[in-house]
Amino acid sequence: GLGGTVTSGIISAVYRNTGSGSAYDSYLQTDASINRGNSGGPLFDMKGQVIGINNAIFSPTGGSVGIGFAIPAEIAAPIVDKLKAGQAIERGYLGVRIQPVNEDLADSLGIPHNRGEFVQAIEPGQPAANAGMRAGDVVVRVDGKDVSRDQTLSYIVANTAPGKRIPVEVIRDGKRVTLNAVVGKRPSEQELAQ
């Protein structure tokens, strides 16, 4: 019931990846407290401009620990425009289970640390399988963008329009191979859970 609170509002990271694998997993990280009920509210700069939409807080105990996450306004703005126009928000999907490349694997492949993602499994009948992607591939570039911890495969694909054909560069048996995938439509969270 308080009227308002001021915090320091230090931005300690932009495009912070939290590992959630969601389409929006590229956040502004701030020490401005984001508590229950703040999600969806604006994160302002000193000029009163909205720079983000408050979304989550890192909290092992449930209390505010001064690490909050906001969706950058530049990511949210086109979504808001689509919603105002009555359009559905569709996210891209390949149908792979992935994990980050550890340093030992990166060294053995001759790629920089914090680059690429290891394909654990491929879902049959989905775009990755149709493109010829295999378990054991290491994805290093998608649609001309390097795959990294800050720009994950999930994030790049989720923000690609379904139906678009994109090049996917993988390392397979020590060689770089380029596959072409037609991005599918991401299923609902309920469908993914099943």
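The structure presented is a predicted model; accordingly, all values stated were derived computationally and were not measured. The basis for the numbers below is simple: all heavy atoms, side chains too, and nothing from hydrogens, waters or symmetry mates.
Side-chain contact of Arg165 with Asn180: a donor-acceptor pair under 3.5 Å is absent, judged by distance alone.
Annotation: side chain of Leu94 is in contact with side chain of Pro127 (closest heavy-atom distance under 4.5 Å). In this structure, Ile98 and Val139 have side chains that are not in contact, with every pair of non-hydrogen atoms separated by 4.5 Å or more. At a threshold of 4.5 Å between non-hydrogen side-chain atoms, the residues Val96 and Glu117 do not count as touching. By the 4.5 Å heavy-atom criterion applied to side chains, Val140 and Val147 are not counted as neighbours. Looking at heavy atoms from C-beta onward, Arg134 lies out of side-chain contact with Val119 at the 4.5 angstrom threshold.
By the side-chain hydrogen bond (donor to acceptor under 3.5 Å, both in side chains) test, Asp146 is found to be paired with Arg141, residues two or more places apart in sequence or in another chain being considered. Lys82 meets the salt bridge (charged side-chain N to carboxylate O under 4.0 Å, His left out) test with no other residue; sequence neighbours excluded. Under the salt bridge (charged side-chain N to carboxylate O under 4.0 Å, His left out) criterion, Arg176 pairs with Glu169, not counting sequence neighbours. Arg172 meets the salt bridge (charged side-chain N to carboxylate O under 4.0 Å, His left out) test with Asp137; sequence neighbours excluded. Applying the salt bridge (charged side-chain N to carboxylate O under 4.0 Å, His left out) rule to Glu123 yields no partners; only residues at least two apart in sequence or on another chain are considered.
The cluster map of Ile, Leu, Val, Met, Phe, Trp and Tyr, joined by side-chain heavy atoms under 4.5 Å apart, puts Val170 and Val157 in the same cluster. Residues Ile11 and Tyr15 are members of one and the same hydrophobic cluster, defined by side-chain heavy-atom contacts under 4.5 angstrom among Ile, Leu, Val, Met, Phe, Trp and Tyr. Criterion: ILVMFWY side-chain heavy atoms under 4.5 Å apart, direct or through other members. Under it, Phe44 and Val80 are not part of a common hydrophobic cluster. Linking Ile, Leu, Val, Met, Phe, Trp and Tyr residues whenever their side-chain heavy atoms come within less than 4.5 Å leaves Val182 and Val142 in two separate clusters. One hydrophobic cluster, built from ILVMFWY side chains closer than 4.5 Å, cannot hold both Ile10 and Leu43; they sit in different ones.
Ala135 and Ile122 make their closest contact through N-CG1, 3.8 Å (heavy atoms, listed as atom of the first residue, atom of the second, distance). The shortest heavy-atom contact between Pro167 and Thr178 is CB-CG2, 4.0 Å. Across all their heavy atoms, Thr160 and Ile156 have their closest contact at OG1-O, 2.8 Å. Taking both residues in full, the closest heavy atoms of Ser148 and Arg115 are given as CB-NH1, 3.5 Å, listed atom of the first, atom of the second, then distance. Heavy atoms only, all atoms of each residue included: Pro72 and Ser26 are closest at CD-O, 3.1 Å. What you find for Ala13 and Arg16 is that their closest heavy atoms are CB-NH2, 3.4 Å.
Taken to the nearest 0.5 Å, the CG atom of Asp31 stands 9.5 Å off from the CD1 atom of Ile67. In this structure, the separation between OG1 on Thr30 and CG on Asn54 is 8.0 Å, given to the nearest 0.5 Å. Taking CD1 of Ile71 as the start and CD1 of Ile53 as the end, the distance is 5.5 Å to the nearest 0.5 Å. Note: Asn102 CG to Asn114 CG = 11.0 Å, rounded to the nearest 0.5 Å.
The environment of Asp81 atom CG is dense: over 12 non-hydrogen atoms of other residues, nucleotides or ligands sit within 6.0 angstrom. Residue Gln87 places its CD atom among more than 12 non-hydrogen atoms of other residues, nucleotides or ligands, all under 6.0 Å distant.
Applying the ring pair (Phe, Tyr, Trp, His ring centres under 6.0 Å) test to every pair with at least one member in residues 65-119, sequence neighbours left out, gives these pairs: Tyr27-Phe69.
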Asp45 vs Lys47, salt bridge (Lys or Arg N to Asp or Glu O under 4.0 Å): CA-CA, chis, key distance, verdict
CA-CA 5 Å; Asp45 66 8; Lys47 296 176 182 175; over 6 Å; no
